[in-house]
Amino acid sequence: MKLIHLSDLHLGKRVCGFSMLEDQQYILAEILRMIDQERPDGVLIAGDVYDKSVPSAEAVALLDDFLVRLSKRDLRVFVISGNHDSPERMAFGGRLMERSGVHIAPVYNGAVAPLTLTDGFGPVNIYLLPFIKPVHVRRFFPEQEIVTCTDALSAAIGAMAVDQEQRNVLVTHQFVTGAARCDSEDVSVGGSDNVDVSAFDGFDYVALGHLHGPQQVGRETVRYCGTPLKYSFSEAGHHKSVTVVELGKKGSVALRTLPLIPRRDLVELRGTYEELTFRGFYEGTGYPDDYVHITLTDEDDIPGAVNKLRIFYPYLMKLDYDNRRTRAGIVLDAAGDARPRAPLELLEEFYEKQNGQPMRDEQRAFARDLIEKIWEGEA
């Protein structure tokens, strides 16, 4: 039995104000190409299909097109909602879609019945458990004490009555303790959303969604496949991929990944304005097709730097500075020295606290001249 594991499509997402829809359309086409090569029996989509609970019309149209294309292939599709999705909106029309081989998890109601595929080794039971919290589960099991996310997940899984003699796959969307996060993911205060990996002991493979970096947790067969695209510069070093799961007889699971090459990569660059413009213009080593985060190390801000740099880096998403001023991180204290001081002295103190360095002689002379002209005009 061969399955393709996807998650966290985040359709409709914007990164630093840039729409990712065209990039998402491109990468979904690449995934379809891989599916045609691999010819799996099923595709698992482990939540966060959309980036918002009320997705844009364009995002809905993109998912619609993707599911229609999948339904025309000889396979089954299994989809759950994640914490970014509205479970009610995701579940709409689900019973009608089943006729086309697309199975969308309903809103959690205390019972999860398996969907079964069959191969030469017998049945494979696939359980679809959307993103849940204790509040979602507690009312269905009033006799149990459900406080933590692990309690909630254990109660939900316990109610499934999983047959341990058969092969079982769980598709769910949770944060498993010990997994590595990145900046683009939602974080609950104090780690209240953590789930212990032991809750998944009864499954041959657990297809996880929620975290953007591909990784296993606890054991190889409890896996986050990661996002198909990079959605923040904290993911710049990630190698995005599709996970292929092959189940043989009971106890035999083989995993491999297929690399995904995006239409535009996310790249981080660092240096002075002169170095980066020289690299882009004279050396021809700019990044005309990639999204870029530039950190300038110049001590003085470059006027109009974003527009100037976009000549060489047209998809510049983000510009930061790293210099003595930004590293100092000084907080101005309004309750400081209250003695009367000259305007130039106050300006010098403000400049040094703001920039982490004293004024240069030419700056001081310019400020003195400007203050004198202002005062003369008021006299």
Side-chain angles (χ1 to χ4, degrees), residues 8-31 48 51 179-187 211-215 224-242 257-330 351 354-357 360 363:
D8 296 85
L9 307 180
H10 285 281
L11 300 181
K13 188 172 183 65
R14 301 182 72 88
V15 179
C16 298
F18 283 69
S19 170
M20 303 299 288
L21 272 170
E22 289 186 4
D23 302 83
Q24 291 169 336
Q25 185 176 29
Y26 174 86
I27 211 67
L28 291 180
E30 287 295 290
I31 291 170
D48 279 0
D51 190 55
R181 293 189 186 269
C182 61
D183 292 345
S184 50
E185 300 152 358
D186 291 343
V187 179
L211 300 189
H212 291 192
Q215 58 191 292
Y224 292 99
C225 63
T227 55
L229 291 171
K230 299 176 184 179
Y231 287 135
S232 79
F233 286 100
S234 65
E235 301 176 44
H238 288 187
H239 298 287
K240 301 299 185 180
S241 60
V242 165
T257 59
L258 304 174
L260 286 170
I261 308 302
R263 177 170 170 258
R264 295 191 179 96
D265 203 357
L266 265 70
V267 178
E268 292 192 295
L269 302 175
R270 177 185 177 87
T272 65
Y273 174 79
E274 184 178 351
E275 289 169 346
L276 291 171
T277 52
F278 181 86
R279 182 189 302 179
F281 183 73
Y282 293 102
E283 296 182 355
T285 54
Y287 291 83
D289 300 318
D290 292 325
Y291 297 116
V292 179
H293 170 207
I294 288 178
T295 301
L296 291 178
T297 56
D298 301 85
E299 288 300 328
D300 295 319
D301 288 1
I302 307 299
V306 170
N307 290 333
K308 293 175 181 177
L309 286 166
R310 278 188 176 148
I311 296 172
F312 310 107
Y313 309 96
Y315 295 98
L316 173 61
M317 277 186 165
K318 185 178 179 183
L319 176 66
D320 289 323
Y321 282 87
D322 182 15
N323 52 33
R324 281 181 287 180
R325 171 177 59 82
T326 59
R327 288 193 295 271
I330 297 172
Y351 181 91
Q354 179 73 18
N355 296 281
Q357 58 184 322
R360 299 193 300 270
Q363 292 173 319

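Residue numbers run from 1 in the order of the sequence given.
- Side-chain contact between His10 and His212 is present, with at least one heavy-atom pair separated by less than 4.5 Å.
- Each of Ile302, Thr295, Thr297 was checked for a side chain to side chain contact (heavy atoms under 4.5 Å, CB included) with Tyr321, and the lone residue meeting it is Ile302.
- Taking all atoms of both residues into account, the shortest heavy-atom contact from Pro228 to Leu9 is CG-CD2, 3.9 Å.
- What you find for Tyr313 and Ile294 is that their closest heavy atoms are CD1-CD1, 3.9 Å.
- We find the CG-CG distance between Leu28 and Leu260 to be 10.0 Å, quoted to the nearest 0.5 Å.
- A 6.0 Å sphere centred on CD of Glu299 holds more than 12 heavy atoms belonging to other residues, nucleotides or ligands.
- We find the CG-CD distance between Leu269 and Glu275 to be 11.5 Å, quoted to the nearest 0.5 Å.
- In this structure, Gln363 CD and Asp300 CG are separated by 6.5 Å, a value rounded to the nearest 0.5 Å.
- Atom CD of Glu274 sits in a sparse spot, with 12 or fewer heavy atoms from other residues, nucleotides or ligands closer than 6.0 Å.
- Not a single ring pair (Phe, Tyr, Trp, His ring centres under 6.0 Å) links Tyr273 to another residue, sequence neighbours left out.
- More than 12 heavy atoms of other residues, nucleotides or ligands shown are found within 6.0 angstrom of CD on Glu30.
- Using a distance-only test at 3.5 Å, with no hydrogens or angles considered, a donor-acceptor pair links the side chain of Gln215 to the main chain of Gly213.
- Between the side chain of Lys230 and the backbone N or O of Lys240 there is no donor-acceptor pair closer than 3.5 Å.
- Remark: Glu268 engages Phe233, Ala236, His293 in a side-chain contact (heavy atoms from CB on, under 4.5 Å) (not counting sequence neighbours).
- Residues that satisfy the ring pair (Phe, Tyr, Trp, His ring centres under 6.0 Å) test with Phe18, not counting sequence neighbours, are Tyr291.
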Kindly list each side-chain donor-acceptor pair under 3.5 angstrom involving residues 304-311, sequence neighbours excluded, with atom names and distances?
from	atom 1	to	atom 2	distance (Å)
Lys308	NZ	Pro303	O	3.0
Arg310	NE	Leu316	O	3.2
Arg310	NH2	Leu316	O	2.8

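- Residues Arg327 and Asp322 have side chains in contact (heavy-atom distance under 4.5 Å, counting atoms from C-beta outward).
- When Asp8, Asp51, Asp23, Asp48 are each tested for a salt bridge (charged side-chain N to carboxylate O under 4.0 Å, His left out) with Lys13, only one passes: Asp51.
- Around the OH atom of Tyr351, the shell of radius 6.0 Å holds more than 12 heavy atoms that belong to other residues, nucleotides or ligands.
- Judged as a side chain to side chain donor-acceptor pair (under 3.5 Å), and not counting sequence neighbours, the contacts of Asp301 are Arg325.
- Contact check for Leu229 versus Gln24: side-chain heavy atoms found under the 4.5 Å cut-off.
- A donor-acceptor pair under 3.5 Å links the side-chain atoms of Asn323 to the main chain of Asp298, judged by distance alone.
- With values rounded to the nearest 0.5 angstrom, Leu211 atom CG is found 10.5 Å from Thr227 atom OG1.
- Residues Cys225 and Pro214 come closest through the heavy atom pair O-CB, 3.4 Å.
- In terms of the side-chain contact (heavy atoms from CB on, under 4.5 Å) criterion, residue partners of Asp290 (sequence neighbours excluded) are, by chain and number, Arg264, Asp265, Val267, Tyr287.
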